[in-house]
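Side chains are part of it too, since the values below use all heavy atoms of this structure and drop only hydrogens, waters and symmetry mates. Please read these numbers as outputs of a predicted model, since none were measured by experiment.
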Amino acid sequence: MRAASALMCVILLVGGCSRDAHTELTSSDDIGYGSVAWLGDTVYYLTFDSRDLESSDYVLMRIRPGGRPETVPFAAPGCLDVPSQFARPTWIIPTGERELGVLVSCTDARAEFRRIDDSGQPVGEPVKVESTGWGIAWTGGETGMVYTQVQGCGIKTTGGPADDCFGGDYARLPVVGADGAIHYVSQQCGADETAPDGTWLICRHNGAGREMTLGRGVDFVEAMDVRGGRIVISAEIGGDKGLWLVNGGRFTKLAGGLFNRVALSPDGSRVAAPTLWRRGSWALRIYAVPAP
């Protein structure tokens, strides 16, 4: 893996690349980057081990200000029911100022949610969850609830009744806002008007029977994050792929290109996102986000 050494130097690409101002954290010609999360001033991300490209296992990494990529010693010794099975990280989210939530999968397609501190040590006990890989959310606190996307159900609370779902079967990418509301992507937000075929909605769930449509006319949404009073999505809108700020039903383009994940800084002023910037090459970059 080829790591960029200049972490906080804003680069303006020219000639065949995006002209959006950004900071490049790291780049690679042979591997991509998975889920991304931001704790304090440090960006965490999942990537494949460049020393073992035949492996399908993600490695948890981080980049501190002015530093280089480093491995986080995340311990995943086994699954709750079958300790001999290795638990593989598949998704990460912030669950506190210095705490990360990790969704891990087991070899029999089960999933567990684990919390770790910024040194990789476990916090609390693992929680068994249902998940089909389209995101996970945590409401916070020692008794916080885990929300996942479950096939045939929508967004579901872990441990809740079998029909404790919202958003419909196509709901995905749950994210908890600062006020505790669940934001997600679907083709219908509660009883609001259904999205036209081939498009998606940005939704807000304030509790049972209280849904709100925040944005319409999105061709496809790859990722979403909500922090610092801002909502940012990686999406295609009107055939135009990029990062978009969602505000009052309107979309403001932040950067062009294909981005597979997004992670807002704690204050929402910046977004970290892996982008495919040329064929076979991925880069993890930071872009500025204006106030909503």
Donor-acceptor contact below 3.5 Å, side chain D225 vs main chain I231: no
Axial cation check for W200 ring with R216, 6.0 Å and 45° limits: no
L214 with V221, same ILVMFWY side-chain cluster at under 4.5 Å: yes
Distance in Å, Q151 CD paired with R172 CZ, rounded so as to fall on 0.5 Å steps: 8.5 Å
Donor-acceptor under 3.5 Å (R261 side chain, A272 main chain): no
Where I155 and P174 come nearest, the two heavy atoms and their spacing: CD1-CD, 3.9 Å
Inter-residue atom distance R62.CZ - T71.OG1, 0.5 Å rounding: 9.5 Å
Nearest heavy-atom neighbours spanning I92 and A37: CD1-N, 3.8 Å
Side chain to side chain, M61 and E70, heavy atoms closer than 4.5 Å: no
side-chain contact (heavy atoms from CB on, under 4.5 Å) evaluation trace for F251 with V246: CA-CA 5 Å; F251 302 97; V246 183; 3.8 Å; yes
OG1-CH2 distance between T47 and W282, expressed to the nearest 0.5 angstrom: 11.0 Å
Partner set under ring-ring contact (aromatic ring centres under 6.0 Å, His included) for F113, not counting sequence neighbours: W138
Heavy-atom pair with the smallest gap, counting every atom of S119 and P73: O-CG, 3.4 Å
Side-chain heavy-atom pair K241, E222 within 4.5 angstrom cut-off: no
Trace of the ring-ring contact (aromatic ring centres under 6.0 Å, His included) decision for F259 with Y33: CA-CA 10 Å; F259 301 87; Y33 302 96; over 10 Å; no
Shortest non-hydrogen contact between D169 and G152, atoms and distance: OD1-N, 2.6 Å
Residues which pass side-chain contact (heavy atoms from CB on, under 4.5 Å) with T199, listed by chain and number, not counting sequence neighbours: A195, P196, D219
Hydrophobic cluster membership, M224 vs I182, 4.5 Å side-chain cutoff: no
NZ/NE/NH1/NH2 to OD/OE distance under 4.0 Å, D117 and R98: no
From T148 atom OG1 to W134 atom CH2, the distance as rounded to the nearest 0.5 Å: 14.5 Å
Salt-bridge contact E24-R285 (side-chain N to carboxylate O under 4.0 Å): yes
Side chain proximity check, V262 to L243, heavy atoms < 4.5 angstrom: yes
Residue pair D41, R64: steps toward the salt bridge (charged side-chain N to carboxylate O under 4.0 Å, His left out) verdict: CA-CA 7 Å; D41 56 8; R64 302 177 187 271; over 6 Å; no
Derivation and outcome, side-chain contact (heavy atoms from CB on, under 4.5 Å), residues L39 and L100: CA-CA 8 Å; L39 295 185; L100 200 66; 4.1 Å; yes
Donor + acceptor pair across side chains of Y170, Q149 (<3.5 Å): no
Contact summary for P89 and V104, nearest pair of heavy atoms: CA-CG1, 3.8 Å
Gap between atom SG of C203 and atom CG of D192 - 0.5 Å precision: 8.0 Å
Close side-chain approach of S131 to V150, heavy-atom, < 4.5 Å: no
Counterpart residues, salt bridge (Lys or Arg N to Asp or Glu O under 4.0 Å), relative to D267 (two or more places apart): none
Hydrophobic cluster identity match, L25 and V59, side-chain contacts under 4.5 Å: yes
Expected output: side-chain R230 to main-chain P290 donor-acceptor under 3.5 Å: yes
pair T139-Y147: side-chain heavy atoms closer than 4.5 Å: yes
Cluster link I63 to I286, ILVMFWY, side chain under 4.5 Å: yes
Residue pair L60 / L46, side-chain heavy-atom distance below 4.5 Å: yes
Beyond-backbone contact of R227 with P94, side-chain heavy atoms, under 4.5 angstrom: yes
Side chain to side chain donor-acceptor pair (under 3.5 Å) partner of E211, the single match among Q188, R204, H205: H205
Main-chain N/O of V129 paired to T158 side chain as donor or acceptor, under 3.5 Å: no
Under-4.0 Å salt bridge between D164 and K156: no
Distance in Å, C189 SG paired with L201 CG, rounded so as to fall on 0.5 Å steps: 4.5 Å
Verify same cluster id: V226, L173 (apolar side-chain graph, 4.5 Å): yes
Test salt bridge (charged side-chain N to carboxylate O under 4.0 Å, His left out) applied to E112 and K128, step by step: CA-CA 4 Å; E112 294 174 6; K128 293 171 61 176; over 6 Å; no
Validation row: L254, W244 side chains within 4.5 angstrom (heavy atoms): no
side-chain contact (heavy atoms from CB on, under 4.5 Å) between W91 and I93, intermediate numbers included: CA-CA 7 Å; W91 204 286; I93 59 172; 3.9 Å; yes
Residue pair F220, I237: steps toward the side-chain contact (heavy atoms from CB on, under 4.5 Å) verdict: CA-CA 7 Å; F220 183 77; I237 300 176; over 6 Å; no
